[in-house]
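Here the structure comes first, spelled out in structure tokens, and everything after it is commentary.
All of these numbers come straight from a predicted model, not from anything done at the bench.
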Amino acid sequence: MKKIFVLVMAVCAISFTSCGNKNAQQAEAADAETEMVAGDVDLENATADLAAQLEAGDVNKLQEAIEAAKAKVAELLQQNPELAQQYLTKVQDFLKENTEKIKAVVGDNAVVQTAVSTLVETPAESIISNLQQTLGTVEQAAQDKANEAAQAAQDKANEVKEAAEQKVDEAKQKAAEKANEKVNEAADKLLKGTGLK
């Protein structure tokens, strides 16, 4: 009877383990699918704002849309570099296809002209590489600041600890001196009382 019970428990344990692995695999697949769908949405909307601002003919809004596209590339780069490059390529293609319209809207605004020409003329790989270096530099600077802050906090804690230890040592010294004084006074009284002094 015990053997049958143990056998049934082993089968149950194996089936639960199998179900657990299947659930984990399904969750991973769902996460990957969600990420792919979000990436597709990003790619579909990559040029929507640029197109809207180009049609509106507002150079300032067009500049904001270009900066937003750059920011989106940087954001995607941290999550999915391949998607970031696809997004950037789509933006570059849009800008190339609409060069004449962009020139008409931009006019003599040198800042926007430079932003557009830089995006159009620089290969996507170079832009991605520069962004990765910039992001790495920013992350390193943030890490350095965090390390400096941690070191400063540790130094301050050490100073406080040393000051507290010094106070304790001073208090011990004073207590020892007081005790010695009392002992000496008691010894003097004893000697005077016995007539030895």
Seminar exercise, completed: To the nearest 0.5 Å, atom CD of E97 lies from atom CD1 of I102 at 10.0 Å
Exercise. Crowded around K96 NZ? As in, over 12 foreign heavy atoms under 6.0 Å?
Worked result: yes
Exercise. Roughly how far, to the nearest 0.5 Å, is the OH atom of Y87 from the CD1 atom of I128?
Worked result: 11.5 Å
For this session: Any chance you could measure E82, atom CD, to L76, atom CG, to the nearest 0.5 Å?
Result: 12.0 Å
Problem set entry | Atom NZ of K70 with >12 non-hydrogen neighbours under 6.0 angstrom | yes
For this session: Could you tell me the separation between the CG atom of L95 and the CD1 atom of I66, rounded to the nearest 0.5 Å?
Result: 6.0 Å
For this session: Check the pair D169, Q173 against side-chain hydrogen bond (donor to acceptor under 3.5 Å, both in side chains), reporting the backbone distance first and the verdict last.
Result: CA-CA 6 Å; D169 288 344; Q173 183 66 30; over 6 Å; no
Problem set entry | Greater than 12 external heavy atoms within 6.0 Å of E67's CD | yes
Problem set entry | Pair Q166-E162, side-chain hydrogen bond (donor to acceptor under 3.5 Å, both in side chains): steps then yes or no | CA-CA 6 Å; Q166 187 175 358; E162 287 173 10; over 6 Å; no
For this session: Applying side-chain hydrogen bond (donor to acceptor under 3.5 Å, both in side chains) between N158 and each of K161, Q154, K156, report the one that passes.
Result: Q154
Exercise. Looking only at heavy atoms, what is the nearest atom pair of D49 and A65, with distance?
Worked result: OD2-CB, 3.6 Å
Exercise. Atom NZ in K90, atom CG in D93: separation rounded to 0.5 Å?
Worked result: 9.5 Å
Exercise. Can you find a heavy atom in the side chain of Q53 that is under 4.5 Å from one in the side chain of Q63?
Worked result: no
Problem set entry | Side chain proximity check, V116 to T99, heavy atoms < 4.5 angstrom | no
Exercise. What pair of heavy atoms forms the shortest contact from V106 to V59, and how long is it?
Worked result: CA-CG2, 3.8 Å
For this session: With rounding to the nearest 0.5 Å, note down the distance linking NZ in K174 to CD in E181.
Result: 12.5 Å
